[in-house]
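By convention in this document, chain letters (A, B, ...) are assigned in the order of the sequence lines, proteins followed by strands, and residues within each chain are numbered from 1. Just so you know, these numbers come straight off a predicted model, no measurement behind them.
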Amino acid sequence: MPEASLLTIYHRLLDFFGPQRWWPGQTPLEIMVGAVLTQNTAWGNVEKAIANLKGAELLPATAVDAAAQQACLIGLAQTPTPLLAALIRPAGYYNLKAGRLHNLIRRISDHHADLETFLARPTAELRRELLAIKGIGPETADSILLYAAGKPVFVVDAYTHRIFSRHQLLPEEADYHQIQEIFSDALPAEPQLYNEYHALIVRTGKEFCRKSNPRCPTCPLRTLPHAS
DNA sequence: ATCCTGTACC
DNA sequence: GGTACTGGAT
């Protein structure tokens, strides 16, 4: 039997779980904010913080036009950091993340016409600019590129490393860029595929490939080779 | 290697 | 009561 390809594994997960249909937010602005808030944090906590921001009218409560979204961007930029920190408190690391959100939001409001224009820039340039912002690392930048800007960028996270290194499909010591390259080389560059695959990886990591007490016997990937 | 932090789950 | 969480900076 041939070694399972990354695309084969994708289809296996898709068959098992069904489509996840991730669209983590109602507007690109909300997705961007969520990408920062979810750093090393469970999504449920992020949702509470997002609800607070909507209550304060700092995020659109529903899907809206670009102008309304831009008004929220400016509002966030003008909110004092301590107030922003109080609103996002349920997401944890609130002082840290309030600063990071301001770094990101003010970079956009100070240097670009509006959010949509910013997100429409060429992928490589946009990625470089995001990574230059203090508090935006590779995973956060790529989440924004894929989920807010719709670019074909594969998002790597701790689950990706854990699942695929446990199955000896990645070296244990592989870094972010190496992992991303392996997936990008093996998959067609389609945002929809990257979107769904990342969502399926997260689902698998949470339910089966847990950090401790992994549920290998019932895992959809149990037939792949794996260590111990 | 350590710090940042609330929340949910084991 | 401890662990883990869709990380990143120092």
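Using a 4.0 Å heavy-atom distance criterion, A:I201 is classed as making no nucleic acid contact. Within 4.0 Å of A:S143, counting heavy atoms only, lies no atom of the nucleic acid at all. Using a 4.0 Å heavy-atom distance criterion, A:A158 is classed as a sugar-phosphate-only contact. Backbone-only contact: A:G135 has heavy atoms under 4.0 Å from sugar-phosphate atoms and none from a base.
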- Tell me, with the steps shown, if A:S109 and A:I74 meet side-chain contact (heavy atoms from CB on, under 4.5 Å). CA-CA 7 Å; A:S109 63; A:I74 302 304; 4.0 Å; yes
- Query: Stepwise, does the side-chain contact (heavy atoms from CB on, under 4.5 Å) test hold for A:K54 with A:Q26?
  - Reply: CA-CA 11 Å; A:K54 288 182 177 177; A:Q26 295 175 319; 3.1 Å; yes
- Can you list the steps and then say if A:L104 with A:I144 is a side-chain contact (heavy atoms from CB on, under 4.5 Å)? CA-CA 11 Å; A:L104 171 62; A:I144 292 170; 4.1 Å; yes
- Message: Using the rule given for salt bridge (charged side-chain N to carboxylate O under 4.0 Å, His left out), can you reason through A:R107 versus A:E129, listing the C-alpha separation, both sets of side-chain angles and the distance that settles it, and then say yes or no?
- Response: CA-CA 9 Å; A:R107 173 75 211 175; A:E129 182 162 357; 2.9 Å; yes
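With ring centers used as reference points, A:F16 lies under 6.0 Å from A:F208.
The separation of C:dT6 from B:dA1, taken at their P atoms, amounts to 24 Å, rounded to a whole angstrom. Taking atom P on both C:dG8 and B:dT7, the two are 23 Å apart, rounded to the nearest angstrom. Taking the P atoms as reference points, B:dC4 lies 24 Å from C:dG1, given to the whole Å.
Put simply, the side chain of A:F164 reaches to within 4.5 Å of the side chain of A:L6, judged on heavy atoms.
When rounded to the nearest whole Å, the span between CG of A:L130 and P of C:dA9 equals 12 Å. Remark: P of C:dT6 and CG of A:N195 are 17 Å apart, rounded to the nearest angstrom. If you measure from atom CD of A:E47 to atom P of C:dT6, you get 11 Å, rounded to the nearest angstrom. Taking atom CG of residue A:L131 and atom C1' of nucleotide C:dA9, one finds them 14 Å apart after rounding to whole Å. One atom, CZ of A:F154, and another, P of C:dT6, lie 16 Å apart when rounded to the nearest Å. Nucleotide C:dT6 holds its P atom 13 Å from the OH atom of A:Y147, rounded to whole Å. The CG atom of A:L101 sits 14 Å away from the C1' atom of C:dG8 (whole-angstrom rounding). The CD1 atom of A:I31 sits 17 Å away from the P atom of C:dT6 (whole-angstrom rounding).
When each of A:W43 and A:K134 is assigned the nucleotide of DNA chain C bearing its nearest heavy atom, the one mapping closer to the 5' terminus is A:W43.
Comparing C:dG7, C:dT6, C:dC5 against the side chain of A:Q39 picks out C:dG7 as the nearest.
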- Quick one, give me the B/S/- string for nucleotides 2-10 of chain B, reading 5' to 3', where B means a protein heavy atom under 4.0 Å from the base and S means that only happens at the primed atoms, P, OP1 or OP2. --BBBSS--
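Tracing side-chain contacts under 4.5 Å through hydrophobic residues (I, L, V, M, F, W, Y), one reaches A:L169 starting from A:L193; they form part of the same cluster.
The main-chain N or O of A:L37 is found under 3.5 Å from a side-chain atom of A:K97 such that the two form a donor-acceptor pair.
In this structure, A:W22 packs face-to-face on the six-membered ring of C:dT6, meeting both the 5.5 Å centre cutoff and the 30° plane limit.
Its side chain within the 4.5 Å cluster rule, A:Y93 clusters with A:L96 among the Ile, Leu, Val, Met, Phe, Trp and Tyr residues.
An OP1 or OP2 oxygen of C:dA4 is reached within less than 4.0 angstrom by no side-chain nitrogen or oxygen of A:R162. Taking side-chain N and O atoms only, A:K206 has a distance below 4.0 Å to OP1 or OP2 of C:dT6.
A:E57 CD: 12 or fewer foreign heavy atoms inside a 6.0 Å radius.
Across residues 172-189 of chain A, not one residue has a non-hydrogen atom less than 4.0 Å from an atom of DNA chain C.
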